[in-house]
Amino acid sequence: MARTACAMKQLRRVWALAKFDWVKRLRNRRRVALVAIVAILLGAIAPVALTAWLASVMAERNTHETLNLYGSVPVIRMEKVIEQAHDVLQTVEGMTGCTPEHIAAMRNAVMQSYFIDEVGYFEDGELACSSWGMAPPGIAENRIDFVLPNGVGLRASITPGQTDAGSVMALHLGAHNVLVSHTRLVEVLSLQGVSVALAYMPVGAPPLLLASGGDAVAAELLSQAPLERKANAQGHRHVGDLFRSGDLVAVAMMPPELTHSSDQLDYMLRLLPLAFVLACIIVFNVIWLTLRRLDLRHETKAALRSGNLRLVYQPVVELATGRCVGAEALIRWQQRDGSYINPEVFIPVAEQSALIGQISTFVARRACEDLGNLLRTHPEAHLSLNMTAYDVTSGDIVRTLEDTFGRAGVPPTSVWLELTERSLIDFETSCGKLSALRDAGYRIVIDDFGTGYSNLQYLQEMKLDALKIDKSFVDVIGRQTANRSVIETIIELATTLELDIVAEGIETQAQLSFLRQRNVRLGQGYFIARPMELADFVAFYAAWKDGAPEEVTWVA
Ligand SMILES: Nc1nc2c(ncn2[C@@H]2O[C@H](COP(=O)(O)O[C@H]3[C@@H](O)[C@H](n4cnc5c(=O)[nH]c(N)nc54)O[C@@H]3COP(=O)(O)O)[C@@H](O)[C@H]2O)c(=O)[nH]1
């Protein structure tokens, strides 16, 4: 009867705590899942978007490379024109009079050069003769727009008087000039549908249009300043690029249908397998990380690593006097949002693996750092540490205790190791290990006594120091007679076995009085003090170490 009531009570307590935490955890899980879904979507979309962007950049780069090439053609040709014109003009320079030899020399020069259409000779400011022969009277010498660095004068556009060649460019040196057709500079490109314009533009001077081909957009653009900013003629839906060499500048522009936009699809198809692999890697990693995040064991491990686990201390007092005789170290896990995960949730999860060993080691180290000094100076005080079956059977705890409390000079009798009955299931192994610990001086306490192991044989065979009466038995004091007799039986049993008794979960004055009347020596509970931060416990100990302070009504 008492056992069933106790089991039910225990079950309700665990269920209530677990439910509380799981509701919070579920909310947290939902948030993690939501973040994961967003990350998965982004992870899947981002590589494809990146691929599309890369493909468009590559296609655009191709277009600009092509435009650059197209822009370079008229510039290179013009450089050739200037060079050839200079050579031809130098050849005929010094020849005077329209002699047959002079005319033949001019004709010969035209025939030998690719770009030059005509060579003319001027006398008294009028064309006297040209490579075509004697000139009709009245064709005046044109003025110069610019003098090129090699001394040749340049006139961008004239209408020749001797032929009907349309507008041409004229280059002058001395008494001679040469005529060059504009189209010669841009014809190949305009045939391909590219709009191109060439200008002479010394630094600081406005552009002087030398030639243009295709539709007018390139020429229009060239006439606008500043040139560089307008090269990408968005308004025309043309894609443009600028090519400059010395004082020569060319703009090449393509209508959208001639650009390399179709390459984009091609690049995209080539890059897609890579994007797919990348997306798979990202999605796989997100899922893996999410599962890890949702996995409490990994979360606990991360909390241990990142220092999110800490200790609080619940005072243990002598019930007769209120004298503080020590504390129980209790672990706390505070999450980033400030909420706590109850140890009743993560300790059982950690107990399923060696992680519990790491937690126990952490607790021992931290508790020793925190209270080593107090325990050394007050050897009558003790510190209780919760141990698990793993700690006992692995034997790691012996080493850890020696490395921490042993080194710190804390007497082993000041360290109480609390073990639940459940952790003694492997009786044979536990018995030997616990004996070794006890022989070393540590005190062994059975925690939550009465709620676990039904076989009480261990009480006779193991060397123990104290029994801790579970809170569920203390809870019913003053309420239920059946369980009241259970607690009285536990007290009797402990007294018979000459074990110290600690009552946990004392929440009322009535419970305290009941336990005092039955000579239960030690107790802890919210009625006396809640688990507290280290500094608070040190202050509590200083105030209570010789008995309950005067201002506290200890005996009702
Ligand atoms: N292996 C380890 N187990 C640990 C460690 N720290 C805690 N625990 C175990 O987790 C369980 C829950 O512990 P916690 O939430 O810290 O609760 C303890 C006290 O806060 C609570 N308590 C004490 N007095 C009262 C009270 O008057 N009322 C009330 N409602 N609760 C009270 O009891 C818990 C202490 O239990 P016990 O250990 O049995 O003395 C618990 O099982 C812890 O053991 C750890 O570091 N390692």
Side-chain angles (χ1 to χ4, degrees), residues 6 9-10 12-18 20-21 300 303-304 308-317 319 326-334 339-368 370-371 382-394 396-397 400-401 404 415-423 445-452 466-477 501-512 515 522-533 537:
C6 171
K9 184 89 192 160
Q10 194 72 356
R12 269 204 302 275
R13 179 177 158 209
V14 170
W15 172 241
L17 281 165
F20 172 73
D21 268 317
T300 312
L304 190 62
N308 286 344
L309 298 183
R310 60 188 181 81
L311 297 184
V312 289
Y313 298 93
Q314 184 173 36
V316 178
V317 301
L319 297 185
E328 180 181 3
L330 295 163
I331 198 159
R332 291 291 174 265
W333 175 1
Q334 189 167 18
S339 66
Y340 285 92
I341 295 194
N342 197 294
E344 297 223 54
V345 173
F346 68 87
I347 292 287
V349 174
E351 275 184 277
Q352 288 161 14
S353 69
L355 180 59
I356 192 64
Q358 294 176 37
I359 291 183
S360 298
T361 304
F362 161 78
V363 172
R365 285 207 182 116
R366 179 58 58 83
C368 181
D370 286 352
L371 289 177
H382 77 261
L383 172 71
S384 288
L385 300 176
N386 287 288
M387 293 289 123
T388 63
Y390 175 89
D391 299 316
V392 177
T393 49
S394 73
D396 290 354
I397 200 66
T400 307
L401 292 173
T404 51
V415 181
W416 292 24
L417 305 175
E418 294 192 10
L419 286 139
T420 60
E421 290 177 292
R422 273 176 294 117
S423 60
V445 181
I446 299 300
D447 197 3
D448 301 343
F449 185 75
T451 60
L467 292 185
K468 197 166 183 180
I469 304 171
D470 186 65
K471 179 178 178 301
S472 57
F473 297 114
V474 176
D475 272 349
V476 293
I477 291 173
I501 310 172
V502 188
E504 72 173 358
I506 303 171
E507 290 183 338
T508 64
Q509 177 69 63
Q511 290 165 352
L512 175 64
L515 294 162
L522 305 174
Q524 65 188 86
Y526 292 175
F527 183 70
I528 303 159
R530 285 180 175 257
M532 53 185 78
E533 300 294 332
F537 172 71

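In listed order, ligands and their atoms are each counted from 1. Fair warning: this is a prediction, and the values are worked out from it, not measured in the lab.
Numbered from 1 in the order shown, with element, the atoms of ligand 1 that lie under 4.0 Å from a heavy atom of Glu504 read 36 (O), 37 (P), 39 (O), 40 (O). Close approach to Ile506 involves these atoms of ligand 1, each under 4.0 Å from a residue heavy atom: 27 (O). Close approach of ligand 1 to Gln314 (heavy-atom distance below 4.0 Å) involves ligand atoms 23 (C), 24 (N). If you number the atoms of ligand 1 from 1 as listed, the ones under 4.0 Å from a heavy atom of Gly525 come out as 24 (N), 27 (O). Atoms of ligand 1 found under 4.0 Å from any heavy atom of Pro531, numbered from 1 in the order shown, are 20 (O).
We find that Lys468 and Glu328 are joined by a salt bridge, their nearest charged nitrogen and carboxylate oxygen being less than 4.0 Å apart.
Distances between N or O atoms of Ile347 and those of ligand 1 include no value under 3.5 Å. Where the criterion is an N or O separation shorter than 3.5 Å, residue side chain and backbone included, Thr388 fails it with respect to ligand 1.
Counting heavy atoms closer than 4.0 Å to ligand 1, residue Asp447 contributes side-chain atoms (C-beta onward) but none from N, CA, C or O. The proximity of Asp448 to ligand 1, defined as any non-hydrogen pair under 4.0 Å, is limited to the side chain. At a heavy-atom distance under 4.0 Å, atoms from both the backbone and the side chain of Asn386 approach ligand 1. Heavy atoms of Arg530 found under 4.0 angstrom from ligand 1: none, in either backbone or side chain. Only the side chain of Asn342 comes within contact range of ligand 1, with a heavy atom under 4.0 Å; no backbone atom does. Neither the backbone nor the side chain of Met387 comes within 4.0 Å of ligand 1, counting heavy atoms alone.
Under the 4.0 angstrom criterion for non-hydrogen atoms, Glu351 is not in contact with ligand 1. Heavy atoms of Lys468 approach ligand 1 to within less than 4.0 angstrom.
Using modelled atom types, one finds no donor on one side chain facing an acceptor on the other under 3.5 Å when comparing Glu504 with Gln524.
Closest heavy-atom contact between Thr400 and Ala364: CG2-CB, 4.0 Å. Nearest approach of Asp391 to Ser360, heavy atoms of both residues: OD2-OG, 2.7 Å.
For the residues Tyr526, Phe362, Phe449, Phe346, the heavy atom positioned nearest atom 31 (N) of ligand 1 is part of Tyr526.
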### Message
With ring-ring contact (aromatic ring centres under 6.0 Å, His included) as the criterion, how do Trp333 and Tyr340 come out once you've worked through the C-alpha distance, each side chain's angles and the decisive distance to 0.1 Å?
### Response
CA-CA 6 Å; Trp333 175 1; Tyr340 285 92; over 10 Å; no
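Note: Trp416 and His382 have parallel aromatic rings, judged against thresholds of 30 and 60 degrees for the angle between ring planes.
A side chain to side chain contact (heavy atoms under 4.5 Å, CB included) with Ile446 holds for exactly one of Val502, Ile469, Leu467; it is Leu467.
Of the possible donor and acceptor atoms, one in the side chain of Gln314 sits under 3.5 Å from a partner among the backbone N and O of Ala529. The backbone N or O of Leu355 lies less than 3.5 Å from no partner atom in the side chain of Gln358, so there is not a single donor-acceptor pair.
Every residue two or more places apart in sequence or in another chain was checked for a side-chain hydrogen bond (donor to acceptor under 3.5 Å, both in side chains) with Glu507, and none qualifies.
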